[in-house]
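Each ligand, and each atom within it, is numbered from 1 in the order the structure gives.
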Amino acid sequence: MDTIIGKEELLEEAGSLIRAGQLVAFPTETVYGLGADATNEKAVASIFEAKGRPQDNPLIVHIASADELKNVAREVPESAYELMSIFSPGPLTIVLKKQNGIPKITTGGLDTVGIRIPDHPLALKLIRSAGVPVAAPSANRSGRISPTEAEHVYEDMRGRIPMILDGGKTRVGIESTVLDLTKETPIILRPGAVTAEMLAPFLGKVKTKGGEVLVAEAPGMKYRHYAPVCPASGVKDARTAKEIYNRQLSAGRHPVIIAGEELLRDVPGQYAVLSLGSSPESAMGSLFSSLRKAEKVYDFILLQWFDAEEYASLQNRIEKACGGNCF
Ligand code: AMP
Ligand code: MG
């Protein structure tokens with residue numbers, strides 16, 4: 001199958017493809033999604049096939065406005081509408097009880113469904129043009145680094161899907177916060193740019209799962225994620241980074257240090273480095289593209305391990321990319 005890449009001009013065709021049960025990759029503000037008609041079992045099955053994704057890993061259903069909530073969820077609490085009025089469109093996914101029209105394959109076998117309104121004009125236009133809720137996980141091969149540029153999607157999905165909509169680099173850079181509203185106490189299943197602190201005033205106490213492995217209720221907890229093709233390991237400071245770097249060099253490898261500006265200030269010019277900038281936002285925006293860049297040129301990645309609370313969502317991805325390893 002040929003994979004076409006294009007922009008706005010493909011929107012109508014993209015909408016028809018989704019309606020016809022085909023797959024279209026599209027930009028959102030978080031990462032690129034791999035979309036299909038969320039109500040069509042066969043179409044959704046082909047998402048799992050194209051990604052090589054385990055079937056018990058649920059997909060997020062994307063809608064264009066809060067009015068569509070009732071089409072995909074049942075017993076929608078008032079708090080869901082309130083949260084959406086504040087955080088949507090945006091990087092917040094809300095888990096609710098699913099409506100009958102959403103098949104179990106979309107929700108990884110669960111009776112609940114994750115729902116989000118993406119904050120990207122192309123994504124919203126695609127959903128409207130398709131006229132159906134769009135199920136979409138990140139548009140990478142399962143276990144690989146999430147795509148933040150159309151080119152990344154092409155690397156992973158070339159020949160597997162008919163179309164990629166190109167909306168440039170994604171603004172946020174890591175996946176949405178997933179908030180489960182079906183439990184007595186709202187719980188964050190996956191951290192993201194919308195933090196517990198931001199949600200708390202609207203919900204009272206919000207719990208986080210703190211990265212512990214429970215069941216595969218939320219993807220990103222049980223399976224390998226964000227894995228570069230070469231080994232990657234965490235480092236907490238510049239001294240350790242330089243020490244491991246030199247050890248790898250002596251062993252004949254080509255290492256690279258990926259870190260924030262503050263750590264890199266103590267790393268001299270002869271070391272290969274990729275900067276994550278100097279704020280949580282810039283680090284979120286550049287982590288996945290830095291990993292994809294690094295794995296093409298180097299064969300050992302040293303990735304900064306962040307302790308600060310503002311970096312918690314990013315650190316969640318970093319730990320997975322490193323398979324939990326830190327020097
Ligand atoms: P991906 O888009 O590939 O990053 O994965 C989809 C995300 O959706 C996962 O990280 C889950 O946290 C979330 N998700 C979707 N539906 C549900 C659900 N019914 N229950 C819990 N989490 C969900
Ligand atoms: Mg993913």
Could you list which atoms of ligand 1 come closer than 4.0 Å to a heavy atom of [X]?
| X | answer |
| --- | --- |
| V113 | 19 (N) |
| L59 | 15 (C), 16 (N) |
| V178 | 12 (O), 13 (C) |
| S138 | 1 (P), 2 (O), 3 (O) |
| T112 | 18 (C), 19 (N), 20 (N) |
| L189 | 21 (C), 22 (N) |

Q) Rounded to the nearest 0.5 Å, what separation is found between the OG atom of S286 and the CG atom of L276? A)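 Here the interatomic distance stands at 4.5 Å.
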State if [X] counts as touching ligand 1 under the rule of any non-hydrogen atom under 4.0 Å.
| X | result |
| --- | --- |
| L110 | yes |
| T93 | no |
| K98 | no |

[Y]/[X] salt bridge by N-O under 4.0 Å criterion:
| X | Y | result |
| --- | --- | --- |
| E75 | K97 | yes |
| R171 | D119 | yes |
| E261 | R265 | no |

Q.
Apply side chain to side chain contact (heavy atoms under 4.5 Å, CB included) to residues K98 and L110 and explain how you reach the verdict.
A. CA-CA 8 Å; K98 80 170 186 67; L110 299 168; over 6 Å; no
Q) Around the Mg ion (ligand 2), how many protein N/O/S atoms fall inside 2.8 Å? A)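 My tally for this metal is 1.
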Q: Could you go through the ring pair (Phe, Tyr, Trp, His ring centres under 6.0 Å) check for F26 and Y32 one step at a time?
A: CA-CA 6 Å; F26 62 98; Y32 275 74; 8.3 Å; no
Q) Side chains of E175 and S146: do they bring a donor and an acceptor to under 3.5 Å? A)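 There is such a pair between these side chains.
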Q) Side chains of D237 and T240: is there a donor and an acceptor less than 3.5 Å apart? A)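 A pair is found: one side chain offers a donor N or O, the other an acceptor, under 3.5 Å apart.
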Q | For the student: nearest non-hydrogen atoms of G285 and S289, plus distance | A |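 Heavy atoms only, the tightest pair is O-OG, 4.3 Å.
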Q: Look at the side chain of T39 and the backbone N and O of G101, then say whether any donor-acceptor pair between them is shorter than 3.5 Å.
A: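 Pair absent, no side-chain N/O of T39 close to backbone of G101.
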Q.
Just to verify, what does E49 make a side-chain contact (heavy atoms from CB on, under 4.5 Å) with, not counting sequence neighbours?
A.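 For E49, no residue satisfies side-chain contact (heavy atoms from CB on, under 4.5 Å) once neighbours in sequence are set aside.
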Q: Pick whichever of K51, E175, R190 has a heavy atom sitting closest to atom 10 (O) of ligand 1.
A: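 Heavy atom nearest to atom 10 (O) of ligand 1 belongs to R190.
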Q: Counting heavy atoms only, name the option from I115, I60, T106, D180 that's nearest to atom 8 (O) of ligand 1.
A: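 Shortest heavy-atom distance from atom 8 (O) of ligand 1: I60.
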